[in-house]
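This chain uses plain numbering: 1 for the first residue, then up along the sequence.
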Amino acid sequence: MSGRQRAKTVVRLEEARQSAAPKAPDEQPPVEADPLYGVVLLKTALELKRRKDGTVEEILRDVLARMRIPEAEFRAFLEQQGGLLQALGTRCR
């Protein structure tokens, strides 16, 4: 090579590898998180702090009804998040 030439660089791209463990067929597709789900959690927490009567379940249902969010979809989202509702403290008051 003369002083002005550069060595050519050859780059080999690897093919994308598939994950080793395929998804289970009974596994449900992930629920798309609605931006309002965080608002539901915040409003539920504020209601729990404000109200002294009612259970967590009742308060959550009230908030979901007021915000017109389907309860089944919200619960599927919570299950996908690893049972976040249990972490919030689902207990009778």
Side-chain angles (χ1 to χ4, degrees):
M1 281 193 286
S2 70
R4 292 185 179 191
Q5 292 180 340
R6 294 177 129 185
K8 292 184 181 179
T9 305
V10 177
V11 178
R12 292 185 182 186
L13 300 176
E14 293 183 18
E15 292 183 22
R17 297 179 185 149
Q18 293 183 356
S19 62
K23 288 185 178 179
D26 61 337
E27 198 173 294
Q28 295 180 358
V31 177
E32 189 172 325
D34 187 339
L36 291 177
Y37 288 168
V39 177
V40 170
L41 293 174
L42 180 61
K43 284 189 173 202
T44 303
L46 291 173
E47 283 290 316
L48 282 168
K49 206 171 183 183
R50 190 182 67 125
R51 287 174 42 182
K52 301 298 179 195
D53 62 328
T55 64
V56 176
E57 295 292 324
E58 291 171 352
I59 293 172
L60 180 62
R61 282 189 195 109
D62 290 345
V63 171
L64 288 170
R66 274 185 274 146
M67 293 183 68
R68 296 184 183 120
I69 294 178
E71 185 176 344
E73 290 178 18
F74 183 73
R75 294 219 182 254
F77 168 74
L78 286 179
E79 287 299 319
Q80 179 183 334
Q81 299 301 316
L84 187 58
L85 192 57
Q86 278 82 24
L88 290 173
T90 55
R91 65 189 189 289
C92 295
R93 294 175 12 130

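In terms of heavy-atom proximity, Leu41 sits nearest to Leu78 at CD2-CD2, 4.3 Å. Here the closest heavy-atom approach between residue Lys52 and residue Lys49 is recorded as NZ-O, 3.7 Å.
A search for salt bridge (Lys or Arg N to Asp or Glu O under 4.0 Å) contacts involving Asp62 returns Arg51, not counting sequence neighbours. Every salt bridge (Lys or Arg N to Asp or Glu O under 4.0 Å) that Glu71 has, sequence neighbours left out, goes to Arg61, Arg75.
The side-chain heavy atoms of Phe74 and Leu36, taken from C-beta on, include no pair separated by under 4.5 Å. Two residues are said to be in side-chain contact when any heavy atoms from C-beta on lie closer than 4.5 Å; Leu60 and Val40 meet this criterion.
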For a side-chain contact (heavy atoms from CB on, under 4.5 Å) check, start with the C-alpha distance between Tyr37 and Ile69, then their side-chain angles and the critical distance, and finish with the verdict. CA-CA 9 Å; Tyr37 288 168; Ile69 294 178; 3.7 Å; yes

